[in-house]
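Report on the structure given below.
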Amino acid sequence: MTLPPAGAPPVAAPPVERRPRRCFVETWGCQMNELDSQRMSGLLMEQGILPTRDPKEADLILLNSCSVREKAAQKAYSRLGEYRRLKRRRPELLIGFCGCVAQQEGEKALSRIPDLDFVLGPGRVGELPDILAARRRGQRLVATGFPDARRRRYAFDSLSRQTSYKGMVTIIEGCNKKCTFCIVPQTRGPEQSRPLADVLAEVRHLLDYGFVEIELLGQTVNHWRDPESGADFAVLLDRVARLDGLRRLRFVTSYPRDFTPEMVAQIGRHETICPYLHLPVQSGSDRMLKLMGRGYDVATYRRLVAELRAARPGIAVSTDLIVGFPGERDEDFAATLRLVEEVRFDSLFAFKYSPRPGTAAPRLKLPPVAEAVASERLQTLLARQSAIQHEINRGLVGASFEVLVTGWGKEPGSLVGRTPCHRVVHFTPAAGRAVVPGEMTRVRIERALPHSLLAAPLAA
Ligand code: SAH
Ligand code: F3S
């Protein structure tokens, strides 16, 4: 088995007498964390440890934490505290601290929480069975750090996928960019691309099992390069988009500067690539983009969006924005609002800047933005965006779409689905027509809300 890196001796604890039977996994954060949780659940199921939705029923609890925003460590410790209360009543309960906060806290977490059973970073997910075996023998391990991707275990057929129609496939791990606000390069390590052959094998495997939607994952997904041939993301898109059985191909998250004309062309070329792209811009002010270390300017971003829209008419574009980054003045925020007005994003995630330990931004010694100002900017931005989205959605009334049904709605008999451009649609199938999650069906949009659409079914 792989032991923790040198300098981290296992901490002794009483051996565990009973093997866990039920596991509860709590997942915070991005799709990569979601996929890591699916991997951990899958590895546990291979050992006969089944998932449960109720932490009180579990004898193993994994907290898969996220450290991107606000008081991440504090929140994680407070949740671990709640689980420890369960452990006081049931001492055989095992608690594992996983994800990005665990990677950062490492040894500290074990000493801070005497009854924590192990710490497992995102680069070591495949070692969960070994960590549990060691715990049974009486060792509390801290498995953090980033072994070379070629040495990591990644058994994609033992993943416990959450649905039977959408499969997430990691193509690139970690991040080599240095955005000054972002903690991800520290918590997910240096960038490592998976070989083309591995990616294609995993996608083929999913399609053979009847999955129809594939989502390629990476912090900078379009920076992927085949470590063997040097082929880039445009080649990968082309290869995956042509596979038999694939209905929808999506990928997240694209880095604006890493987009090439050939990638744009592929999006225009393949029907199976969803007309939806998440393209975080972070700010509409060149001065802020520079301070954030993003490596592009607003004009370049605008041009890219125009090229995407020309290549694929109707493509939906969403973005991430940070308000209140240190040094952000009224005119910078005004520039962000202008960009939002101009581009008319189909959806938008806006965050108040929160300083993360070990990132470069705090060292820039920029004047902080007052909390009240940042909150007001966030509200202004969200209100404006909500109005824009409502207008865009109203323009879709009367249009028909093929939706992929993703689940049941709140009303009895109603369903929720996604249009190819990833909009949420609520509808009720015609009487006598059984439609289930994972199926595709046609609907006509009848009403628009700011964040979703209401539709009526169309005859197939
Ligand atoms: N490449 C990844 C980045 C992960 S962080 C991706 O785009 O998914 C996701 C988003 O969180 C970023 O785009 C950014 O808008 C926001 N974010 C990251 N660090 C932040 C911080 N310190 N404060 C506020 N928002 C932050
Ligand atoms: Fe973070 Fe920038 Fe990488 S936002 S994940 S450092 S691309």
Side-chain angles (χ1 to χ4, degrees), residues 28-36 65-75 99-101 103-104 122-123 146 168 170-193 215-224 233 250-259 276-285 288-296 301 317-328 333 336 339-340 345 347-364 366 368-369 371 374-375 377-378 381-382 385:
W28 297 350
C30 65
Q31 278 98 330
M32 288 105 209
N33 259 17
E34 225 175 277
L35 185 63
D36 284 345
S65 59
C66 167
S67 58
V68 166
R69 280 176 296 272
E70 306 203 73
K71 306 196 176 91
Q74 201 177 315
K75 275 204 312 222
C100 292
V101 185
Q103 165 60 38
Q104 279 188 293
F146 306 96
M168 298 190 280
T170 299
I171 64 164
I172 175 167
E173 297 194 66
C175 180
N176 283 356
K177 304 272 194 294
K178 293 189 178 70
C179 304
T180 56
F181 53 82
C182 185
I183 201 162
V184 170
Q186 290 172 61
T187 60
R188 291 209 158 246
E191 189 182 285
Q192 305 197 51
S193 287
E215 187 171 35
L216 305 176
L217 298 187
Q219 300 293 344
T220 50
V221 75
N222 55 337
H223 202 234
W224 175 89
F233 186 63
R250 301 198 292 120
F251 47 94
V252 75
T253 298
S254 300
Y255 195 74
R257 198 182 65 202
D258 293 330
F259 246 101
Y276 164 75
L277 191 71
H278 183 56
L279 198 60
V281 63
Q282 313 299 358
S283 172
S285 149
M288 298 317 294
L289 289 178
K290 219 180 204 122
L291 292 173
M292 290 173 169
R294 292 288 287 183
Y296 54 84
Y301 183 88
V317 180
S318 65
T319 201
D320 288 348
L321 285 164
I322 297 178
V323 296
F325 185 83
E328 187 186 62
F333 178 63
T336 294
L339 182 71
V340 166
F345 292 104
S347 75
L348 178 161
F349 303 87
F351 313 101
K352 241 188 296 178
Y353 169 72
S354 93
R356 310 310 297 129
T359 55
R363 292 197 297 272
L364 299 175
L366 295 158
V369 174
E371 172 64 29
S375 294
R377 286 179 186 165
L378 184 66
L381 184 58
L382 292 177
Q385 174 61 20

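Ligands are counted one by one from 1 in listed order, and the atoms in each one are counted from 1 as well. Everything numeric here is computed off the predicted structure, so don't read it as measured data.
- With a 4.0 Å cut-off on non-hydrogen atoms, Gln282 touches ligand 1 through its side chain and not its backbone.
- Between Leu217 and Val221 there is no side-chain heavy-atom pair separated by less than 4.5 Å.
- Residue contact check for ligand 1: Gln31 places no non-hydrogen atom closer than 4.0 Å to it.
- For atom 3 (Fe) of ligand 2, the closest non-hydrogen atom on the protein side is Cys175 SG, 2.3 Å.
- A side-chain N or O of Ser318 and one of His278 form a donor-acceptor pair less than 3.5 Å apart.
- Closest to atom 16 (C) of ligand 1 among all protein heavy atoms lies Arg69 NH1, 3.2 Å.
- What sits closest to atom 26 (C) of ligand 1 on the protein, heavy atoms only, is Ile322 CD1, 3.7 Å.
- Close N/O approach between Ser354 and ligand 1 is found [any backbone or side-chain N/O within under 3.5 Å].
- Not one N, O or S atom of Cys182 sits under 2.8 Å from atom 2 (Fe) of ligand 2.
- Residues Leu339 and Ser283 share a closest heavy-atom pair of CD2-O, 4.3 Å.
- Here the closest non-hydrogen pair linking Cys175 and Val184 is CB-CG1, 4.5 Å.
- Arg377 places no side-chain N or O within 3.5 Å of a backbone atom of Phe333 that could act as its donor or acceptor partner.
- Counting heavy atoms closer than 4.0 Å to ligand 1, residue Phe181 contributes atoms from both its backbone and its side chain.
- Proximity of the aromatic rings of Phe233 and Phe259 is defined here by a centroid distance below 6.0 angstrom, and this criterion is not met.
- Protein heavy atom nearest atom 9 (C) of ligand 1, with residue, atom name and distance: Asp320 OD2, 3.9 Å.
- Side chains of Gln219 and Cys30 form a contact here, defined as non-hydrogen atoms less than 4.5 Å apart.
- Taking 4.0 Å as the cut-off, Gln282 does not count as a neighbour of ligand 2 on heavy-atom distance.
- Atoms of ligand 1 lying under 4.0 Å from any heavy atom of Arg356, numbered from 1 in the order shown and given with element: 22 (N).
- Near Val68, meaning under 4.0 Å from any of its heavy atoms, are these atoms of ligand 1: 5 (S), 11 (O), 17 (N), 18 (C), 19 (N), 20 (C), 21 (C), 22 (N).
- Contact annotation: for Gln219 versus ligand 1, heavy atoms closer than 4.0 Å belong to both the backbone and the side chain.
- When Lys177, Gln219, Arg356, Arg294 are checked for heavy-atom proximity to atom 4 (S) of ligand 2, Arg294 turns out nearest.
- Assignment of Thr220 to the shell around ligand 1 is not supported, since no heavy atom sits closer than 4.0 Å.
- Residues Thr319 and Phe349 fail the side-chain proximity criterion, which asks for heavy atoms closer than 4.5 Å.
- Close approach of ligand 1 to Lys352 (heavy-atom distance below 4.0 Å) involves ligand atoms 23 (N), 24 (C).
- In terms of protein heavy-atom proximity, atom 7 (O) of ligand 1 is nearest to Thr253 CG2, 3.1 Å.
- Here the heavy atom of the protein found nearest to atom 2 (Fe) of ligand 2 is Cys179 SG, 2.3 Å.
- Contact record, Trp28 with Ser65: CE3-CA, 4.0 Å, taken as the closest heavy-atom pair.
- Only the side chain of Pro185 comes within 4.0 Å of ligand 2, counting heavy atoms alone; its backbone N, CA, C and O stay farther away.
- Contact detail for Ser67 and Thr187: the closest heavy-atom pair is OG-CG2, 3.3 Å.
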